[in-house]
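Right, one structure below, let's go through it.
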Amino acid sequence: MRLEQMYEAMGIRHNILSYARDIENDLKERFSLIDETAEYNQMKVIRAMQKARVSDIHFAATTGYGYNDLGRDTLEEVYAQTFHGESALVRPQLISGTHALHVALSGNLRPGDELLSPVGKPYDTLEEVIGIRDSVGSLKEYGVTYRQADLLEDGSFDFDGIRQAINDRTRLVTIQRSKGYATRPTLSVDKIRELISFIKSIKPDVICMVDNCYGEFVERMEPTEVGADMIVGSLIKNPGGGLAPIGGYIVGRKDCIDRASYRLSAPGLGKEVGASLGMNQPFFQGLFLAPTVVAGALKGAVFAANIYERLGFSVTPDSSQTRHDIIQAITFGTPEAVIAFCQGIQAAAPVDSFVIPEPWDMPGYDAPVIMAAGAFVQGSSIELSADAPIKEPYAVYFQGGLTWYHAKLGILMSLQKLADAKIVEIPNVH
Ligand SMILES: *Cc1c(COP(=O)(O)O)cnc(C)c1O
C-alpha cells in the first residue's frame, strides 16, 4: 500500500492530503532547524549520562526509606549536568508540576517574605498555591505576601513597574517561561536572561525561579544557564520524554535545592530519603528520548499553525514565529469548530480513539471545557492533546505528540472533522 492509501484507510481524504503535503514541503527548512536543536540537546543528555557513568545498576528499584539509592542520586546528577545546575531533585514523590512548584516555593520562602511575579498572573493552579485565590494551606496563610508586575500591552517587561515592586521583603521572583493557557507571548531564554539580570541589578540576593514547564529542550539553552537559581517542571511534559509515568524536577543552586528537599521530605532528612520504586529506568530513558520527542511536538505545532493560518484562522504563535514552548493556540471563533477539532485529535489517538470528547463543567472553570487526550499516561501533555474552554474567543490549545507522525495524523484528522462538518473548505491543490 502506498502511504497515501494508508492515510485514506485511516479516514483522511485525498484533498486534505494534497493540501497538507504542500504545506509540509514548505516547512522543510523549519523542520531541519528543529532537528538540529534536537541533535544538540541529544548530545547534551548523552554527555551528562556518560559523565555520571550511568550503568545498569542505576535502574534497580529501591523501597522503604530509600537510603543510598544510587540510581536516584545518579539521575539527579544527570539532571543537574544536563540543565547546568549544582544540584537537582528528580522524584516520583513530586506528583506534578504544580507540586514541584509548591515545594520549590514553600521550601525557599519564610513568613514575612514576599514573592514577586514580574510577568503577570501565573499559571492557574499556582493561584491557590500562592493564595491569589484564597485556599487552605496557601503561602498566604503562612505569612508570605505576593506582588505582581504585569507585562506591558505589547507583551514586553514593565521595567519601571518591576523596579517599584521590588522591596526589602522580596525574597523570590517567579518567572513563567511558557505562556501556558494565557495570551501573552512565551519568553525566550534570552528574554529570561534580560529579566533576571535586571532584577539582580536591583537586588542581587533575590532567588530567581523559572517555571520551565513546556520549555525544556525547545532551545539549546535552559534558564539555569542565564542566571536562574532554580528551574522547575513536570516529568509528564517535555523532560519525561513520554516514558515517565509520574514525577517532577527542581534543578539549580545547591542551597535552594536543599531547602526544597527539606520541604519535600522533612527537615533533617532532605535528599537522603525517598525510594525510587523502580522509576529510575523510565526517568533515565525518558530524558534520553526527550530531545527528539520535543522535536516531534514542535514540528506538529508548526505544521498546525501553517495549516490553520492559511485557512484564515488566527494562530499563536503564528506560522513563522520562532518557538519557545510546545503549545499552539488556534482561534476558531465558534464552539462547533472547537469541538470538531478536539474530536479529530481524539480520533487519531493510539489509546481511547473510539471515545468522543464532549464539553463538560469541570470544577474550577467558569465555562464548559472540552479535552482530547488519548494518552498512555493520564493527563500527560507531552502526548498529543488538546483542550479548550467553550467560551469567547473559542480558541483551542494543542500540544505534544510523542512522534511527529502521530502529531501530523492528529492535525490531519482534526482538519478532516472540520471539513466533514462543513466548517472549513479545503483549497484545491493540483
Ligand atoms: C502544566 C503547567 C504547570 C502545572 O503542571 P501540572 O503538572 O499540570 O500540575 C505549571 N506551569 C505551567 C506553565 C504549566 O504549563
Side-chain angles (χ1 to χ4, degrees), residues 89-106 115 117-130 132-133 135 137-139 148 151 173-189 191-192 195 209-219 222-223 228 230-242 244-251 260 264 283 286 290 294 297-298 301 316-317 323-329 362-365 369 371 373 375 377-389 396-400:
L89 264 183
V90 188
R91 305 282 169 122
Q93 287 83 10
L94 289 167
I95 300 170
S96 64
T98 304
H99 184 212
L101 286 158
H102 177 243
V103 166
L105 289 170
S106 57
L115 167 68
S117 170
V119 294
K121 188 185 92 61
Y123 195 75
D124 258 18
T125 56
L126 285 193
E127 289 186 18
E128 286 177 277
V129 167
I130 295 167
I132 300 170
R133 273 187 285 143
S135 190
S138 68
L139 290 169
Q148 175 177 315
L151 295 171
V173 172
T174 179
I175 301 166
Q176 186 179 310
R177 177 173 175 179
S178 167
K179 65 180 173 305
Y181 303 121
T183 45
R184 68 154 171 98
T186 287
L187 303 176
S188 67
V189 174
K191 280 277 174 216
I192 292 173
L195 181 58
M209 181 191 91
V210 173
D211 173 351
N212 210 27
C213 282
Y214 287 132
E216 299 91 351
F217 299 124
V218 172
E219 297 184 45
E222 298 293 338
M230 274 192 290
I231 56 172
V232 184
S234 163
L235 298 196
I236 64 167
K237 293 181 181 171
N238 307 13
I246 191 170
Y249 77 87
I250 310 172
V251 174
L264 175 63
F283 285 3
V294 168
L298 278 172
T316 319
R323 300 281 155 158
H324 306 294
D325 67 13
I326 62 167
I327 301 177
Q328 181 64 47
M362 248 179 96
Y365 291 84
V369 177
M371 293 184 167
V377 172
Q378 185 194 93
S380 166
S381 46
I382 187 60
E383 298 186 51
L384 189 65
S385 47
D387 36 66
V396 153
Y397 295 89
F398 131 89
Q399 66 272 313

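Read the numbers this way: they start at 1 and go in the same order the structure lists the ligands and their atoms. Just so it is clear, the structure is predicted and the values come from calculations on it, not from any experiment.
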Heavy-atom nearest pair, F217 first then P239, reads CE1-CA, 4.4 Å
Which protein residues come within less than 4.0 angstrom of ligand 1, counting heavy atoms only? S96, G97, T98, L101, Y123, Q176, D211, C213, Y214, S234, K237
Between E219 and R323, is there a salt bridge with N-O shorter than 4.0 Å? no
Here the pair of heavy atoms bringing N238 nearest to A290 is O-CB, 3.3 Å
Using modelled atom types only, decide if a donor and an acceptor are shared between the side chain of T186 and the backbone of K179 within a distance under 3.5 Å. yes
Could you give me the CA-CA distance, side-chain angles and deciding distance for E222 and R177, then say whether salt bridge (charged side-chain N to carboxylate O under 4.0 Å, His left out) is met? CA-CA 10 Å; E222 298 293 338; R177 177 173 175 179; 2.9 Å; yes
Among side-chain atoms of S381 and Y214, is any donor-acceptor pair under 3.5 angstrom? yes
